[in-house]
Asker: 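I have a structure here, written as structure tokens, and I will follow up with some questions on it.
The basis for the numbers below is simple: all heavy atoms, side chains too, and nothing from hydrogens, waters or symmetry mates.
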Amino acid sequence: MKWRQLPLGPLQTNCYLFFNEKKECLIIDPGGDGKKLISLLEQQHIKPLAILLTHAHFDHIGAVDDVRKKWNIPVYVHKNEKDWLADSSLNGSQFFMAGAVSVAEPDKLIKGEGKLEIGEFSLQVYETPGHSPGSVSFYAKEAGVVFSGDALFAGSIGRTDLPGGNHEQLIKSIHNKLLNLPEETIVLSGHGPETSIEQEMESNPFLNGF
């Protein structure tokens, strides 16, 4: 399994393509620029199987409908944010100058932690709320990566001043879930560069003492 990072949309949110040797892929957080994303997938002859959302803030969902309609694939989001995709007041877009973002309801609801299997892909879902109530992280053990959304960044953590945010809850999510992963695990965040669990344990100023 390999991955590719694509900053997309008004906030250059990291979209990830997680693909196998058969050029099948999972699309994680397609934040915008739907035509650009579709063009790249077609040029590379990559076939998407599903869209996975770490959470449903507007900058992570902007290209959902474009991609879903093109390949008729399901969209997964946590049950706590099932209404956020269509509601600009919940996904936060009405508070930003980029304009209201609204996409169709999700096809599949993530109802808790556990294994998520789609085709040949197998991911462990961890609930990591705090940045938002339905934030999840997707851990691919064989690839040694975790898609952490806006929970954990290189040298930082997700903001908690948006509706549904909770700083204490976010710190607990990071400590109890993400920092328990193998230290060599690569952290693929919603914004910024990749990092590792080890690096964040050693140097992230928000996680001192962990």
Side-chain angles (χ1 to χ4, degrees), residues 1-6 8-9 13-20 22-34 37-38 41 46-93 101-143 145-151 158 163-164 173 177-178 181 188-190:
M1 301 290 181
K2 298 181 179 180
W3 56 271
R4 178 171 178 179
Q5 180 193 82
L6 299 168
L8 299 174
T13 302
N14 289 332
C15 169
Y16 293 98
L17 305 181
F18 188 47
F19 55 94
N20 59 21
K22 296 165 62 176
K23 287 200 168 184
E24 297 170 328
C25 84
L26 303 179
I27 301 175
I28 299 170
D29 291 348
D33 301 323
L37 178 55
I38 290 171
L41 289 165
I46 296 174
K47 178 185 178 182
L49 300 182
I51 297 169
L52 308 183
L53 300 176
T54 60
H55 62 295
H57 279 149
F58 74 96
D59 58 314
H60 291 250
I61 66 173
V64 161
D65 278 352
D66 289 340
V67 176
R68 172 165 44 187
K69 291 175 182 177
K70 175 66 178 179
W71 282 282
N72 190 29
I73 56 177
V75 175
Y76 290 73
V77 73
H78 192 276
K79 63 180 181 180
N80 288 349
E81 296 179 14
K82 65 182 180 67
D83 299 323
W84 287 37
L85 277 71
D87 191 330
S88 62
S89 66
L90 292 173
N91 66 44
S93 57
V101 173
S102 177
V103 301
E105 294 182 354
D107 305 286
K108 304 282 187 178
L109 294 180
I110 297 170
K111 298 180 179 179
E113 297 188 335
K115 186 176 291 187
L116 177 62
E117 295 184 331
I118 302 172
E120 295 183 355
F121 297 89
S122 180
L123 300 170
Q124 177 69 31
V125 178
Y126 289 106
E127 293 176 312
T128 48
H131 174 67
S132 70
S135 287
V136 297
S137 296
F138 299 105
Y139 174 52
K141 182 178 180 180
E142 292 184 5
V145 301
V146 61
F147 301 93
S148 65
D150 287 2
S173 293
K177 305 294 175 63
L178 298 179
L181 296 174
L188 302 176
S189 306

Asker: I need the minimum non-hydrogen distance between Ser102 and Ala86, along with the two atoms involved.
Answerer: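 Nearest pair, atom of Ser102 first, then Ala86: OG-O, 2.9 Å.
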Asker: Could you check Ser148 against Ser137 for side chain to side chain donor-acceptor pair (under 3.5 Å), going step by step and ending with a plain yes or no?
Answerer: CA-CA 5 Å; Ser148 65; Ser137 296; 5.4 Å; no
Asker: To the nearest 0.5 Å, tell me how far Lys108 NZ sits from Ile51 CD1.
Answerer: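 Atom-to-atom, Lys108:NZ and Ile51:CD1 are 13.5 Å apart.
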Asker: Please report the closest heavy-atom contact between Ala63 and Gly34, naming both atoms and the distance.
Answerer: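 Looking at all heavy atoms of both residues, the closest pair is CB-CA, 3.7 Å.
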Asker: Are any of the side-chain heavy atoms of Leu85 and Leu90 separated by less than 4.5 Å?
Answerer: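 The answer is no; the side chains never approach within 4.5 Å.
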Asker: Check for a donor-acceptor pair, side chain of Asp33 on one end and backbone N or O of Leu8 on the other, with a separation under 3.5 Å.
Answerer: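 No; zero donor-acceptor contacts below 3.5 Å.
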Asker: Distance-only, no hydrogens or angles: does the Arg68 side chain make a donor-acceptor pair with backbone N or O of Ala104 under 3.5 Å?
Answerer: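 Side chain of Arg68 to backbone of Ala104, a donor-acceptor pair under 3.5 Å: yes, one is there.
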Asker: Drop me the distance from Leu188's CG to Ile28's CD1, to the nearest 0.5 angstrom.
Answerer: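 Going from the CG atom of Leu188 to the CD1 atom of Ile28 covers 8.0 Å.
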Asker: Does any non-hydrogen side-chain atom of Leu37 lie less than 4.5 Å from one of Leu17?
Answerer: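 Of all side-chain heavy-atom pairs linking Leu37 with Leu17, at least one is under 4.5 Å.
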Asker: Between Ile27 and Cys15, what is the shortest heavy-atom contact and its length?
Answerer: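 Heavy atoms only, the tightest pair is CG2-SG, 3.8 Å.
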Asker: When you measure from the side chain of His57 to the backbone of Asp59, do you find a donor-acceptor pair of N or O atoms at a distance under 3.5 Å?
Answerer: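 No, the answer is negative, given that no donor and acceptor are paired below the 3.5 Å cut-off.
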Asker: For the side chain of Asn20 and the backbone of Met1, is there at least one donor-acceptor N/O pair under 3.5 Å apart?
Answerer: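 Not confirmed, Asn20 side chain does not pair with Met1 backbone.
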Asker: Donor-acceptor pair, distance only, cut-off 3.5 Å: does the side chain of Glu81 make one with the backbone of Gly134?
Answerer: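 Answer holds: yes.
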Asker: Does a donor on one side chain and an acceptor on the other come within less than 3.5 Å for His60 and Asp150?
Answerer: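 Judged by distance alone, the side chains do pair up.
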Asker: Begin from the C-alpha positions of Phe138 and Leu52 and carry the test side chain to side chain contact (heavy atoms under 4.5 Å, CB included) through to its verdict.
Answerer: CA-CA 9 Å; Phe138 299 105; Leu52 308 183; 3.9 Å; yes
Asker: When rounded to the nearest 0.5 angstrom, what is the spacing between CD in Glu105 and NZ in Lys82?
Answerer: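 One finds 7.5 Å between CD of Glu105 and NZ of Lys82.
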Asker: Step by step, work out the side chain to side chain contact (heavy atoms under 4.5 Å, CB included) result for Phe19 and Lys47.
Answerer: CA-CA 9 Å; Phe19 55 94; Lys47 178 185 178 182; over 6 Å; no
Asker: Is the shortest heavy-atom distance from the side chain of Trp84 to the side chain of Pro133 under 4.5 Å?
Answerer: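 The answer is yes, as the side chains (C-beta and beyond) meet within the 4.5 Å cut-off.
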Asker: Less than 4.0 angstrom from a charged side-chain N to a carboxylate O is my criterion; do Lys177 and Glu127 meet it?
Answerer: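 So Lys177 does not pair with Glu127 through a salt bridge.
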Asker: Please report the interatomic distance OG(Ser122) to CD(Glu142), rounded to the nearest 0.5 Å.
Answerer: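 With rounding to 0.5 Å, OG (Ser122) is 7.5 Å from CD (Glu142).
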Asker: Please walk me through it: do Asp29 and Tyr16 pass side chain to side chain contact (heavy atoms under 4.5 Å, CB included)?
Answerer: CA-CA 7 Å; Asp29 291 348; Tyr16 293 98; 6.0 Å; no
Asker: Going by heavy atoms in the side chains, are Leu178 and Thr128 under 4.5 Å from each other?
Answerer: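 Yes. Closest side-chain heavy atoms under 4.5 Å.
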Asker: Can you tell me how far apart CG (Leu49) and CD1 (Ile118) are? Round to the nearest 0.5 Å.
Answerer: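 Rounded to the nearest 0.5 Å, the CG-CD1 separation comes to 7.5 Å.
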Asker: For residues Asp66 and Ile38, report the shortest heavy-atom separation together with the two atoms involved.
Answerer: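 Reported closest heavy-atom pair: O-CD1, 3.6 Å.
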Asker: Do Glu113 and Tyr126 meet the criterion of a side-chain donor-acceptor pair at a distance under 3.5 Å?
Answerer: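 The answer is no; no qualifying pair exists.
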Asker: How many angstroms lie between OG1 in Thr13 and CD in Gln5, if you round to the nearest 0.5 Å?
Answerer: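 One finds 11.0 Å between OG1 of Thr13 and CD of Gln5.
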Asker: Angle class for the Phe18/Phe121 ring planes (parallel below 30°, perpendicular above 60°, tilted otherwise)?
Answerer: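 Ring orientation, 0 to 90° scale: tilted.
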Asker: Could you tell me whether the side chain of Ser135 and the main chain of Pro129 form a donor-acceptor pair under 3.5 Å?
Answerer: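 It does not hold such a pair.
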Asker: Evaluate the side-chain proximity of Leu53 to Val64: yes if any heavy-atom separation is below 4.5 Å, no if none is.
Answerer: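 Yes, close enough: below the 4.5 Å cut-off.
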Asker: Pair Trp3, Val145 - check side chain to side chain contact (heavy atoms under 4.5 Å, CB included), show working.
Answerer: CA-CA 9 Å; Trp3 56 271; Val145 301; 3.8 Å; yes
Asker: Which heavy-atom pair separates Cys25 from Leu41 by the least distance, and what is that distance?
Answerer: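 Nearest pair, atom of Cys25 first, then Leu41: SG-CD2, 4.2 Å.
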Asker: Using only atom types and a distance under 3.5 Å, with no angle test, would you say the side chain of Asn91 pairs donor to acceptor with the backbone of Val101?
Answerer: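 Here the side-chain-to-backbone pair exists.
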Asker: Looking only at the aromatic ring of each residue, does the gap between the centers of His55 and His131 stay below 6.0 angstrom?
Answerer: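 Between His55 and His131, which both carry aromatic rings, the centre distance is below 6.0 Å.
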